[in-house]
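Down below is the structure, laid out as structure tokens.
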Amino acid sequence: MENLYANITEILILLFILITFLQSGIDKAADWKGNTGWLKDHFSGTFLAGQVPLMVGIIMIIEIITGFATILGIIWLIAYNDPTIALYSCVLAAITLLMLLFGQRIAKDYAGAFTLTGYFIVVIFGVYLMS
């Protein structure tokens, strides 16, 4: 329990990342047709228009991996007081958010891009705390 209390800020950030990314990845898998259909329209008129299924697949896989890495990161923090896996999950989350930001900017969805800022701040704070 000592490691839980000593790492409570890190664990809360990891829970935020876990909920955000695992839910998003599972949602993409569960509603593949709906997500790819919406994104095909979202990226129509851009050079990414023909790549939507590939992009959604890549993002979905990375989101799910990030979610599971975050679970392992929480376990490692509590069991061993070791932030290594937690740091890797935060870095993976940051890379994923940058990929999403790139897509939003290409689609000229500036409001959507802006909403990613809050997520990115939390994730970068996690990178800072765990590095």
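Within 6.0 Å of atom OH in Tyr110, more than 12 heavy atoms from other residues, nucleotides or ligands are found, so the atom counts as buried in its surroundings.
Atom CD1 of Ile106 is separated from atom CZ of Phe43 by 8.5 Å, given to the nearest 0.5 angstrom.
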Give the table of side-chain donor-acceptor pairs shorter than 3.5 Å for residues 12-22, with sequence neighbours excluded, one pair per line with atom names and distance.
{"residue": "Thr20", "atom": "OG1", "partner": "Phe16", "partner atom": "O", "Å": "2.8"}

Can you list, pair by pair, the side-chain donor-acceptor contacts under 3.5 Å of residues 56-64, counting residues two or more places apart and other chains?
{"residue": "Glu63", "atom": "OE1", "partner": "Ser24", "partner atom": "OG", "Å": "3.1"}
{"residue": "Glu63", "atom": "OE1", "partner": "Gly25", "partner atom": "N", "Å": "3.2"}
{"residue": "Glu63", "atom": "OE1", "partner": "Lys28", "partner atom": "NZ", "Å": "3.2"}
{"residue": "Glu63", "atom": "OE2", "partner": "Ser24", "partner atom": "OG", "Å": "3.1"}
{"residue": "Glu63", "atom": "OE2", "partner": "Lys28", "partner atom": "NZ", "Å": "3.4"}

In a table with atom names and distances, give each donor-acceptor pair under 3.5 Å that connects a side chain of residues 115-123 to protein atoms at least two apart or in another chain.
{"residue": "Thr115", "atom": "OG1", "partner": "Gly112", "partner atom": "O", "Å": "2.6"}
{"residue": "Thr117", "atom": "OG1", "partner": "Phe114", "partner atom": "O", "Å": "3.0"}

Result block: side-chain N/O donor-acceptor pairs under 3.5 angstrom for residues 90-105, not counting sequence neighbours:
{"residue": "Thr96", "atom": "OG1", "partner": "Leu92", "partner atom": "O", "Å": "2.8"}
{"residue": "Gln104", "atom": "OE1", "partner": "His42", "partner atom": "NE2", "Å": "2.9"}

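Of all non-hydrogen atoms in Asn3 and Leu77, the two that sit nearest each other are CB-O, 3.4 Å. Residue Thr36 comes nearest to Pro53 through the heavy atom pair CG2-CA, 4.3 Å, listed as atom of the first residue, atom of the second, then distance. Nearest heavy atom pair, residue Ser44 against residue Ala49, reads CA-CB, 4.2 Å.
Annotation: side chain to side chain donor-acceptor pair (under 3.5 Å) contacts involving residues 79-88, sequence neighbours excluded, comprise Asn7-Asn81, Asp82-Thr84. Listed by first and then second residue, the salt bridge (Lys or Arg N to Asp or Glu O under 4.0 Å) pairs involving residues 31-55 amount to none (not counting sequence neighbours).
Applying the side chain to side chain contact (heavy atoms under 4.5 Å, CB included) criterion to Gln51, with sequence neighbours excluded, gives Leu54, Met55.
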